[in-house]
Amino acid sequence: MSMTNKDFRARARIGTQLAVAAAAAALLSAPEVRAQTVYNVAGIADFTGPYADVMKDLAGCRKTVFDWWNEEVGKPAGVALRIKDFDGRYDVAQISSLWPGMKSELNPVAALGLGGPDVAALAQRLPGDKVPLINATAGYGFAWKPDSWAFNARPTYAHEVAAFYTWLQQQRGGNAPLKIAVISSEVSPAYVDIHKGTQQFAKDNPKILEIVETVYTEAQPTDLTQQVNRVLRKDAQVLQVLNNTASVVAVRRALQALGKTDIPILVSAHNSLPASGKAIGDLNQMEGSFEVYGLAVPSDDATSARAFFDKLRTGYKLQAGFTTPCVMGMAQGLLTVRAFEAAAKAKGGKGVTGADVRDALLSQSFPSESFFGVLPAMKFGTDAPFPTQGNSVNIGTVEKGKYRLKQASVPVPAVNKW
């Protein structure tokens, strides 16, 4: 921890340069790559649904990853990846109706999704269509099946919150389990899956976690004062809100109305502390709360992830903030281009298919350096659509009004299927 910011930035720049050079060399070694071949990627976005507030950063950052890759890696090798976004509105029916047209128009080598509705809509179609779906979110229990065509770079949300609660219970000390309330909704299969997975972990680990109540709300709640007051009377010590930003705002306002602002809220990458703070007024409103996910925390610390973001902004006209949605977009884009690289190297840059990209995802080990620290090192297997070994998360918080990394590389404990 004695490394200076100057040293850290220098190392980040060197790591970035080496990773880019290695990636380019890998593709350039493909035999007889000549004229540029363009491949399509279908992007599922949400410009008019519950995540419209974060979509500019997510979609912008993942697209700019492709711009960077096309120029610095693909162009010398004679290949390019073109992404086109479609508004799925985070809705199963909308995504299902859009998919046949997306596939017909693009013949994509990969599709980029946002989470639960995409998996629910497409999981049964992808094997026949031979298109891998790469999600920007954590995984889901309902998709925890072998031989999947839908991939998540992170384990399930239940795995991530289990890591957080295990860490927090150790930090607080004693033998008593943490008491939490889960604020959730039944409007999305993803939301349902998150609270079911959390309930499973609590059931299997009663010395770590106790859920005093699971509160179900509408998609965009406005007033949750009565519900929050009820769970506080049950001694809830943390309020888990992993559905959307509107729910975080409603819970925080309820805590303020009840004079209980010392009760932390736990959020994820898609409804992060900065985004939720902005929605409610300013970052100070989220003082003492936490976020947890298996991605780089976009704080002001000098990291290789930040260095890569700055490269995209200065060299490739990225119009987005360094936010958790942006980090999700970068992660999604980087995993896609690295898998495509491996497939293109094997095929000489010609005739790469979605099946080839999926094979690369399953056969390759991806070092964290290839992701510029945006993601940890990972290796997929056929047992689950997400890495099941060696997972870790990062924990962010707000302390004295400053957004910062609280704890890095927290191990993810075992979580049983639900």
Side-chain angles (χ1 to χ4, degrees), residues 41-44 62 88 90 92 95-96 98-100 102-103 106-160 162 188-194 196-197 200 269-270 293-295 328 331-343 346 352-366 371 375-391 412 414-418:
V41 175
I44 300 174
R62 73 181 182 185
Y90 206 71
V92 175
I95 296 160
S96 296
L98 285 174
W99 178 249
M102 294 165 63
K103 183 177 180 296
L106 300 180
N107 187 28
V109 294
L112 306 188
L114 299 180
D118 309 312
V119 176
L122 303 180
Q124 301 303 315
R125 305 185 188 192
L126 296 172
D129 292 338
K130 305 299 181 185
V131 179
L133 175 70
I134 300 174
N135 286 299
T137 57
Y140 302 96
F142 60 76
W144 193 338
K145 301 174 182 177
D147 300 317
S148 178
W149 281 74
F151 294 87
N152 296 85
R154 295 151 55 192
T156 70
Y157 289 99
H159 283 86
E160 293 184 337
S188 163
Y191 298 163
V192 174
D193 187 78
I194 292 169
K196 283 187 175 179
Q200 183 67 54
H270 56 272
Y293 41 80
L295 299 166
M328 292 171 69
Q332 190 177 30
L334 285 166
L335 180 57
T336 303
V337 299
R338 295 313 192 196
F340 180 84
E341 277 179 27
V352 179
T353 66
D356 296 324
V357 175
R358 178 179 182 266
D359 288 344
L361 283 167
L362 291 172
S363 63
Q364 299 296 309
S365 294
F366 299 96
F371 304 131
L375 287 164
M378 67 181 60
K379 175 70 174 70
F380 289 95
T382 59
D383 58 323
F386 46 82
T388 56
Q389 301 291 328
N391 292 312
V412 175
V415 177
N416 294 323
K417 287 186 179 182
W418 55 92

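Nothing fancy with the numbering, it's 1 onward along the sequence.
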Point to revise | Derivation and outcome, side chain to side chain contact (heavy atoms under 4.5 Å, CB included), residues L112 and I44 | key: CA-CA 6 Å; L112 306 188; I44 300 174; over 6 Å; no
So do [Y] and [X] actually touch side chain to side chain, heavy atoms under 4.5 Å?
X	Y	answer
L126	W99	yes
Y293	Y157	no
T353	K130	no

So does [Y] get a backbone contact from the side chain of [X], meaning a donor-acceptor N/O pair under 3.5 Å?
X	Y	result
R125	S96	yes
K379	T388	no
D193	P189	no
R358	S148	yes
N135	N152	no

Practice item. In sequence, state the C-alpha distance, the side-chain angles, and the governing distance for F366 and L334, and then conclude on side chain to side chain contact (heavy atoms under 4.5 Å, CB included). Key: CA-CA 11 Å; F366 299 96; L334 285 166; over 6 Å; no
**Study point:** Geometric class of the W144/F386 ring pair [parallel <30°, tilted 30-60°, perpendicular >60°]
**Key:**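 Rings of F386 and W144: perpendicular, as their planes differ by over 60°.
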Practice item. Show your reasoning for whether side chain to side chain contact (heavy atoms under 4.5 Å, CB included) applies to L361 and L335. Key: CA-CA 9 Å; L361 283 167; L335 180 57; 3.9 Å; yes
What are the two closest non-hydrogen atoms of [X] and [Y], and how far apart are they?
X	Y	value
Q332	G113	NE2-O, 2.6 Å
P108	M102	CD-O, 4.3 Å
P385	A150	CB-O, 2.8 Å
A269	R154	CB-NH1, 4.2 Å
A110	T336	CB-CG2, 4.3 Å
F380	P387	CE2-CD, 3.5 Å

When rounded to the nearest 0.5 angstrom, what distance separates [atom1] in [X] from [atom2] in [Y]?
X	Y	atom1	atom2	result
W418	Y140	CH2	OH	11.0 Å
R338	M378	CZ	CE	12.5 Å
T137	H270	OG1	NE2	8.5 Å

**Study point:** Name of the residue among V131, V92, I95 meeting side-chain contact (heavy atoms from CB on, under 4.5 Å) with L122
**Key:**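 One option only clears the test, and that one is I95.
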Check your understanding: Hey, is CG on N107 packed in by over 12 heavy atoms from elsewhere, all under 6.0 Å?
Key ->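 Open: at most 12 neighbouring heavy atoms sit under 6.0 Å from CG of N107.
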